[in-house]
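One structure below.
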Amino acid sequence: MPSTTASTRFEFRVREHSQRRAMARETHASPYPHLPTPGRISHLAYLNHHLSLANEQWLIGQLARHYGQSSPEPHANHFTLDLGHCRLLWMRYSEFSSLSVSAALPEGEVPFACPALAELPADWLGQLPGNTLVAIHALVLPHTALPPTLPLLARHYFAGNELIGAEIGDGAGRVYSDFQQDENGFVRYLLADRFMGRRQAGRMLQRLFDIESYRSLAMLAPPLADSIAPELMAADRELAELTSSISHARAADEPQLLDRLTQLSAQIESALSQTDYRFSASHAYYEIVLRRLGELREFRIQGLQPFTQFLTRRLTPALEHCQVVARRQRELAERVSRATLLLRTRVDVTLEQQNQGILSAMSQRADLQLRLQETVEGLSVAAISYYVIGLLVYGLKGLKAAGVHLNVELSSALLIPVVVGVLVLGMRRVRRLVHHSSSSDTHC
């Protein structure tokens, strides 16, 4: 083979798997904001079940065209728009979408007085979707610019509210929040940058935003669990009543009990179909929250409650309650199924007994019909014999009139047993042939 020289350009196009490029794009499907220090960022997360991907792309494209930039590509589920004075990051997930706007913090700016969201046109902001779950304003400041004590920091940035905070990134920074909504519905975060840099600061804030987004989505389940709890209690009481009634129910009551059990089973299955997805999704979101909290790599700040402890204190019991309700639903459905099976078995036994009675009565009627048939056959033999012998007598009389010397009375008497015997044998043969034909049809 010829050797390649340094000046020869190597060209080789690989034959790709049909999904290779899609998998490569998926690797970069969750970008994070890049933040300067000092910097500011606003983050929104909203449910998107009422919005199609095309609707959201049109909205982002409208902003891009306003600044003379290109719109998102078709089927893109994330898009970064660098406007110079600020940077926008839009991402669409299966159940919600997020919008992050980051910008530098002007020197001497009053904390949270002019958030990054204010850098976007007001008329465009008015078109943002509703169903907002998360609304956050965050600041990134050098740790040397913060007040020396926690009470001063709380008063200066969080209106004196009680703080939640921890060291994150193995001590690379500190993050604080009061988890209180301001007059516009936004929660405030403050990230103190010790030696993070803009990339790590962006990743840490994105994890914090993910924690709040998935925590909010997980908390959609507890109200649903609370709303169906009375229905489950009523269904449980009704099932106990029906189960007690089955043990001493009469045969006439069984169809009504079976109908009530069927209706109860349909009611429980309907509730399961309404809650199963939400409970399963909330459990999955809870697992994501725990993973993101672990990725923060928290260390406790003396005197402050860390994020993991604060967020899981309410979230964990609420979702455990959802799991209990979901387990009660499934156990109740199984109990109803067992009770229905028990009652159906009882109904089947009753029906089988009734069928046995019917078969026994049919057997008795068949025996009676057989006896009647045998009686009728005997009468038929007598009647047929009478008519046959009468015909033979006429024949004998005719022969005698023709000159044949016969004793008609004696001959008629001798013919009676012969005719009767032939007819009885003929009847028996016909009966055997019919019985043999019926047996052959049954075996077939």
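Quick caveat: nothing in here was measured; it's all calculated off a predicted structure.
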I'd like to check Arg40 versus His137 (side-chain heavy atoms, cut-off strictly below 4.5 Å). Are they in contact?
no
Between Glu298 (side chain only) and Thr308 (backbone N and O only), is there a donor and an acceptor less than 3.5 Å apart?
yes
Tyr286 and His283 aromatic ring geometry - parallel, tilted or perpendicular at 30°/60° bounds
tilted
Quick check: does any side chain N or O of His85 sit under 3.5 Å from a backbone N or O of Leu83, one acting as donor and the other as acceptor?
yes
Taking atom types as modelled, is there a side-chain donor on Arg300 or Gln305 under 3.5 Å from an acceptor on the other?
no
With the threshold set at 4.0 Å, does a side-chain nitrogen-carboxylate oxygen contact exist between Arg328 and Glu331?
no
Ser227 side chain vs Leu224 backbone, donor-acceptor pair below 3.5 Å:
yes
Quick one about Ser213 and Asp210 (side-chain donor to acceptor, distance below 3.5 Å, no hydrogens or angles considered), yes or no?
no
Do Arg65 and Ser71 get their side chains close enough for a donor-acceptor pair, meaning under 3.5 Å?
yes
salt_bridge(Arg194, Glu167) N-O dist < 4.0 Å:
yes
Using a strict cut-off of less than 4.0 Å between a Lys/Arg side-chain nitrogen and an Asp/Glu carboxylate oxygen, indicate whether Asp276 and Arg330 qualify as a salt bridge.
yes
Flag, side chain of Thr312 to backbone of Leu315, donor-acceptor distance under 3.5 Å:
no
What I'd like to find out is whether the side chain of Arg87 reaches to under 4.5 Å of the side chain of Leu81, using heavy atoms alone.
no
Please determine whether salt bridge (charged side-chain N to carboxylate O under 4.0 Å, His left out) holds for the pair Asp193 and Arg174, giving the CA-CA distance in whole Å, both sets of side-chain angles, and the decisive distance to 0.1 Å.
CA-CA 7 Å; Asp193 183 2; Arg174 290 187 173 190; over 6 Å; no
Would you check if Gln62 and Trp124 make a side-chain contact, meaning some heavy-atom pair closer than 4.5 Å?
yes
Validation row: Leu139, Leu191 side chains within 4.5 angstrom (heavy atoms):
no
Would you say the side chain of Arg203 lies within less than 4.5 Å of the side chain of Met196, judging by non-hydrogen atoms?
no
Residues pairing under side chain to side chain donor-acceptor pair (under 3.5 Å) where one sits in residues 95-105, two or more places apart or in two chains, turn out to be His43-Ser100, Asn48-Ser97, Glu56-Ser97, Glu95-Arg278, Glu95-Tyr285
